[in-house]
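Report on the structure given below.
Numbers here are sequence positions counted from 1. Start at 1 and go down the list; that is how both ligands and their atoms are numbered. Scope of the values below: all heavy atoms of this structure, side chains included, with no hydrogens, waters or symmetry mates.
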Amino acid sequence: MSEAPHSNDKATMDDLLKENRLFEPSAEFKKNAVVNDEGIYASASANPQAYWVEHAKSLEWFKEWDQVLDWKPPFAKWFVGGKLNASYNCLDRHVKAGLGEKLAILWEGEPGDEQRLTYNDVYLAVNKFANGLKKLGVSKGDRVAIYMPMVPEAAYAMLACARIGAIHTVVFGGFSVDSLKGRILDADAKVLITADGGWRRGKIVPLKQTSDEAVDGCPCIEHMVVVRRTENEVSMQDGRDVWYHDLVADVADFCEPEPMDAEDVLFILYTSGTTGKPKGIIHTTGGYMTGAAATTKMVFDLKDDDVFWCTADVGWITGHSYIVYGPMANAATQVMYEGSPDYPERNRFWKIVEKYKVSKFYTAPTAIRAFMKWGTQWLEGSDLSSLKLLGSVGEPINPEAWMWYHEQIGKGRCPIVDTWWQTETGSIMISPLPALVATKPGSATRAMPGIDVRILTDEGKEIDKGGGYLAIKSPWPSMLRGIWGDEQRYRDTYWGRWPDTYFPGDGVKRDDDGYLWLLGRVDDVMLVAGHNISTMEVESALVDHQSVAESAVVGITDELKGQAIAAFVILKEGQNGDDAMTAALKQHVAEKIGAIARPKNIIFTAELPKTRSGKIMRRLLRDIAEGRALGDVTTLADPAVVQSLKDKYGDS
Ligand code: WT7
C-alpha cells in the first residue's frame, strides 16, 4: 500500500497481535466521496508544498503568501507573508456566499434545552463579542483565557479572540483551581472568559467560583467576562467582572476582522500529558487553519447536508480543530452537546444522534468502551440510521472495541476513521481516507497525504515493517510552532531524539500490507525477557475476551524477566473476577498473542485512573502495582479511583 522505505533493520518493538479482518467502503460511498482518487497520495508525496498550497487556497486570504515554506529545523513557517483571519474564514465568507441561514450549531444543553443557531446568528454574536473584548482593552497579541462549559458562547469567545487577533488559551472546564491558575499565569492572560456554571450529570459545575479562586493569585487578569448559563448565585467583583450579556448589550454589530499574518499566533493550548508541567503548545493562523479545514473535509467526507458531531470538549485540541475551526471553516452544520453521555440515562448520545439526524460522529475509545460495558440494551429504541461515518481519536482503539463500534453503532454500514494525531500536530496525521482505504479493526491504516511518517529503531534507523518509534520527517502546516515561553523544552521534547525529525512519543508498527498500528506511548512499553511489548497489544488481547470491557497493562519489576506484566481489568457487567476468570484471562492472552505476553498478575477493578481527557494513566498503575507512593495525581479525572485501587492492591 504505502511506498515502503528501505532497510530491514531489526524491529525495536515486538509485533504480536495479528488482525486480518478487512472492511471495504461500499461502492456508493466511494462514488460520492469528497476524495476518491487514489492518486492523491502519490501526488502529495511527490510535491507536498503544491499539495498544501491547494488546501491553503480553499481558505480566503486577504493577501497571498510570498513563500510557501521556510524550514529552519525545528522551526517552520508556512505561507510566509500571507494575511488572513480565522474568524473571517469561519463566518464572514459563508455569510457573503449566501449561507447565512444555514444552521451552524445545533446546541443541546444537558437539561434538554436547545438552540438552533445559523451562520448569521454566530456571525453576529462573534462580532459583538469581539467588540466587547475591545471595550475591555483587549488587542492583538493579548492572551485571553477561556474556562467554559460546552455552550455556544465558548465557540463565540474563541472566534471573537481570533477576530481581533487576541491569542486564546482554552482551559478545560473540568480543571481545578490550580490548573487554571497555572495556565493563566504561564500565558500571562489579561482577561478570563467564564460562566456562572455548567451542567454535568445533573449538577452545576461552579466555574465562576473556581475562576474567582484561581484569579486571586493572578495579577495579570484585568477583567472577567461571565456568561449566564446555570443562573446560580455568583459573586461579581466590581470593576473587574462583567456579565457577557451586559458587555455586548451596547456594542456595534460589526467588528473589522484583524488581518493576521499567517504566522501570527492563533492560540495556545496546554497539554499536560501524563507527567510534568503543562506545555503551552503554540499554533499559528495560516498553517493551522489549512490543516484543520482540509482534514475535516477529507477524513469525515464532509458534505453540505451533513450533520457532524464531535463529542469532544472545546477545552481539548479535538474541540479546537473539529468543533470550532475545521467544521466552521467548511460551513458545516454540527451538534454541540453540553453534558455527560449517561445523563439522564446511558442512551443520551443515541437520543441526540436520532433527534438531529447526525451523519458523521466522532468520539473517543474511552467512550466506546464505556458503551460496551453498559451493554447494547441502551441502543434499543434509538434510530441510528442517519449515521454514515464514525470516527475515533485519543487512544489506540482495540480491535474488539472497533468491531463493537462498527456493528452496534454503524450497523455494519459506516466506514470507521481511526485518527491518530496530537495537540502538537494540530490536525489529523494518520487516518484512512474513508473512500480509498479499506480498514482493519484497530489500525489507523496510513499516513494522510502530505504527511511523511516513518518508523525508526532505537538507533534511529528506518524500518519498513515491524514495530518501532513513530517519527515525522518533514514539516506540515498545522504543526506546533513551539512551547510558550520555553524554546529549549520544545527542542528537547520533540526534536532531541533524531536530527530534524519530529518525535511524537508513540510506538507504531507496520504490517505486511503496509498498515500502521499505533502501539501507545513509548514510555509505557514493557520490557519482558528482552522483548519490547506494547501495552496496546496485550490490552487488545484482554478486551478480546468476552467477559472483559476494558483493561490497562503495565510492566512491573521481575527478578527473572526484567519486567513482568500486571493487568488491570474491568469486567463487563454481571461477570465475576474469581480465580477461574484470572486463569482464563492469562490463558486467553497467551493463546491470542503468545506466552511471552502472559500477564503475571490480574487485578480486577471497577474503574481505571484516567486523565480528564480519558487517557489511561499507566504511570499511576505502575506505582500501584509496585506498591510505591503515588506520583503526581493532579491531572487525574477522579483521584478516588487510584486510592481505592491502592487500598485494594497497593500493599500486597
Ligand atoms: C496522544 C495525543 C489528538 C486529539 C486527542 C488527543 C494518543 C491520539 C490516537 C489514535 C492511538 C492515539 C497518542 C498521541 N492518540 N489518537 N487514533 N490511536 N493513539 O490529543 O491529548 O494531545 O494526545 O494521544 O498517544 O500521542 P492529545
No-hydrogen, no-angle side-chain donor-acceptor test under 3.5 Å, [X] and [Y]:
X	Y	answer
Asp506	Tyr469	no
Lys473	Thr501	yes
Thr295	Tyr322	yes
Tyr490	Trp495	yes

Students should be able to answer this: which protein heavy-atom is nearest to [atom], and at what distance?
atom	result
atom 14 (C) of ligand 1	Asp506 OD2, 3.4 Å
atom 11 (C) of ligand 1	Pro396 N, 3.1 Å
atom 7 (C) of ligand 1	Gly394 O, 3.2 Å

Quick test of your reading of the structure: of [options], whose heavy atom lies closest to [atom]?
atom	options	value
atom 4 (C) of ligand 1	Asp524, Val508, Thr318	Thr318
atom 20 (O) of ligand 1	Thr271, Thr423, Leu470	Thr423
atom 24 (O) of ligand 1	Lys615, Gln422, Glu395	Lys615

May I ask whether Trp421 has any heavy atom positioned less than 4.0 angstrom from an atom of ligand 1?
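Flag set, Trp421 near ligand 1.
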
Does any N or O in the side chain of Lys440 come within less than 3.5 Å of the main-chain N or O of Tyr515, such that one atom is a donor and the other an acceptor?
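Between the backbone of Tyr515 and the side chain of Lys440 there is no qualifying donor-acceptor contact (under 3.5 Å).
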
Asp186 backbone acceptor or donor facing Trp484 side chain under 3.5 Å
yes

Keeping to residues at least two apart or across chains, list the salt bridge (Lys or Arg N to Asp or Glu O under 4.0 Å) pairs with something in residues 403-425.
none

Pairs involving residues 306-318, ordered by first then second residue, that meet salt bridge (Lys or Arg N to Asp or Glu O under 4.0 Å) (sequence neighbours left out):
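Pairs touching residues 306-318 that pass the test: Asp306-Lys360.
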
Under 4.0 Å from any heavy atom of [X], which atoms of ligand 1 are there?
X	answer
Val393	3 (C), 4 (C), 5 (C), 16 (N)
Ile317	4 (C)
Arg521	25 (O), 26 (O)

Looking at ligand 1, does any of its N/O atoms fall within less than 3.5 Å of an N/O of Thr419?
yes

